[in-house]
Amino acid sequence: MSPLWLLRMARWARRPPSRRRVLLVLAVVGASLALVAVERVAGWPEALTVDGFGRAGRP
């Protein structure tokens, strides 16, 4: 653990983030988890799958 993390933790302890910022972060994390859950249940769409072309040549 670098000293910069200790400084960040000390600053956070002295001046915690606002309730609005905490809710924003929780909303972003929740939306990300929801997208992961939908992807796990429904699977990855075939249209978004890479064809495999590139430097290695055609499959």
As an exercise, state the distance from CE of Met9 to CG of Leu4, rounded to the nearest 0.5 Å.
11.0 Å
Closest heavy-atom pair, Ala13 versus Pro16, reported as atoms and distance to 0.1 Å, is O-CD, 4.2 Å
Between Val36 and Arg40, is a side-chain contact (heavy atoms from CB on, under 4.5 Å) present by the stated rule, with each step listed?
CA-CA 6 Å; Val36 169; Arg40 295 271 181 175; 4.3 Å; yes
By the definition side chain to side chain contact (heavy atoms under 4.5 Å, CB included), identify the one residue from Arg20, Arg19, Arg21 that meets it with Leu23.
Arg19
